[in-house]
Amino acid sequence: MQYFSTNHTSPPASFKAAVLSGQPLDGGLYFPEIIPPISNDFLETIETKENDEIAFEVMRPFVAGDIPDDILRSICSETVDFPFPLVQVSPDIETLELFHGPTLAFKDVGARFMSRCLKYFTPNSSEKTVVITATSGDTGGAVANGFFGVDGVEVVILYPKGRVSRVQELQLTTLGGNVTALALEGSFDDCQALAKQALVDDDLKQRVRVTSANSINIARWLPQQIYYFFGCKLLQGDEPPVISVPSGNFGNICSGLLAWARGLPVKRFIAACNANDVIPKYLQTGEFKSQAAIHTISNAMDVGDPSNFARILELLGPDPSGISKIISAVSISDAETEAVMRDVFERYSYVMDPHGAVAYKALADHHQQNAGESGIFLETAHPVKFDAVKAVLGNYDVIPDTIQALYDKPDFGSTIDANYGSLKEVLLSRA
Ligand SMILES: *Cc1c(COP(=O)(O)O)cnc(C)c1O
């Protein structure tokens, strides 16, 4: 498979080249030249297939030519070696829980797939690859965990100081080794802008092999399709579901759209946003205006300039009315999020994290206007990761042992100012 740049200036790249460079030098995002259809036969027999088999079939066309089948099989089994249950929350709403991986967020899927691809592509550890990652909270932990101890790979993580939860920060700063965690004085968008600057810095790229592990990178982005197929396998009934996706940078929902474009039956996607409503506004007005990120209790979605927007345009075309045929986008406030977390806990004893709660609320509102539709929302992280859950639900207090243990580990984190020169120095020193 070849990948072109959404800015159409840089030349196309193979899967391997696109993964190793992260982003084309023209500043676009890599996008597959062909949307490989999923066969009806595959969909009709999906209930009989194991998760690792589904993952293999879903990913195979995208890595064709660069990863042999036997290697891809083992990458896929390691990527999805934890449960992905579909859980009934309220009478007409189910949730696909994506948080049973090692760092308790859906980003484990992409990070595990990508780290294993990089390991396969860079067996020669004398030339180091530096993986730079901006995180609004969960990406960093998943990437750090996926790459920790991998020979020949150095990970540099940028996160907005004071704007990630305590558990998220500990997951970044307590590893050490080949993982450098940098708290940046600024927002997630500042982190992402600096990371992007590094990826298009020709001088840096001459001296160091540097790539990204954000959903910019196709090895992070593409495997997120896999669990949409798991959802399809687990759903009862013949009606295609409405799927509500808590969205920030729009990588997750964009993978779902790709799965749908390949033939996965989905009635509609709901892009559930918090106060950061660039895309809901775009669908209303036809104008894409990035804005400064607003700090909310669903902090991993505090993104004011969602980078996967370019891929949505590539998939669905530039016309907002065409996009609206398959996606609705809504903005849910913190007050609404807290109210629905409380309500669902009291009525159904289900504990939602703030991100899942945004998606639940968006789906429940959609059902109000579209009676009889069935829907699922994605629970993207375990509630223990967010301080807001305890603040809102009070008596909820279940801390998994793996999280408890983080509090006793040494802290290797440091801080950095929002200045590209400082970052470049760190990147050069890690190579
Ligand atoms: C990253 C993240 C999101 C947003 O996903 P995008 O792909 O950036 O839209 C939602 N929920 C949680 C818990 C996250 O960590």
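Just follow the structure's listing: the first ligand is 1, and inside any ligand the first atom is 1. Please read these numbers as outputs of a predicted model, since none were measured by experiment.
- Distances from ligand 1 to the non-hydrogen atoms of Ser247 include at least one value under 4.0 Å.
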ring-ring contact (aromatic ring centres under 6.0 Å, His included) between Phe230 and Tyr228, intermediate numbers included: CA-CA 5 Å; Phe230 295 171; Tyr228 287 87; over 10 Å; no

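- Taking 4.0 Å as the cut-off between side-chain N and carboxylate O, Asp201 and Lys424 count as a salt-bridged pair.
- Counting heavy atoms under 4.0 Å from ligand 1, residue Lys385 does not touch it at all.
- Cation-pi geometry between Arg311 and Phe31 is not met at under 6.0 angstrom from the ring centre and within 45 degrees of the axis.
- For a threshold of 3.5 Å applied to N or O pairs, the pair formed by Phe386 and ligand 1 contains no separation below that value.
- Contact record, Met1 with Pro32: SD-CB, 4.1 Å, taken as the closest heavy-atom pair.
- With hydrogens left out, the protein atom closest to atom 1 (C) of ligand 1 is Lys107 NZ, 1.3 Å, a heavy atom.
- Counting protein heavy atoms only, atom 5 (O) of ligand 1 is closest to Phe106 CZ, 3.6 Å.
- For ligand 1 and Asp138, the ligand atoms under 4.0 Å from any heavy atom of the residue are 12 (C), 13 (C), 14 (C), 15 (O).
- Contact of the Met352 side chain with the Thr337 side chain is not registered, since no non-hydrogen atoms from C-beta on lie closer than 4.5 Å.
- Tyr30 has its ring centre no less than 6.0 Å from the ring centre of Phe4.
- For the pair Asn252 and ligand 1, the shortest N or O to N or O distance falls below 3.5 Å.
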From CA spacing to verdict: salt bridge (charged side-chain N to carboxylate O under 4.0 Å, His left out), Arg268, Glu373: CA-CA 10 Å; Arg268 169 164 287 281; Glu373 287 190 357; over 6 Å; no

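- An N or O contact shorter than 3.5 Å is missing between Gln224 and ligand 1 by distance.
- The closest non-hydrogen atom to atom 6 (P) of ligand 1, taken over Asn249, Val245, Asp302, comes from Asn249.
- In this structure, Gly137 does not count as a contact residue of ligand 1, since none of its heavy atoms falls inside 4.0 Å of the ligand.
- For atom 12 (C) of ligand 1, the closest heavy atom belonging to the protein is Thr380 OG1, 3.3 Å.
- Residues Phe229 and Tyr227 keep their aromatic ring centres 6.0 Å or farther apart.
- Ligand 1 places these atoms under 4.0 Å from at least one heavy atom of Ala381: 13 (C).
- Considering backbone and side-chain N/O atoms, Gly251 comes within less than 3.5 Å of an N/O atom of ligand 1.
- Salt bridge Asp108/Arg112: absent, no basic N to carboxylate O contact under 4.0 Å.
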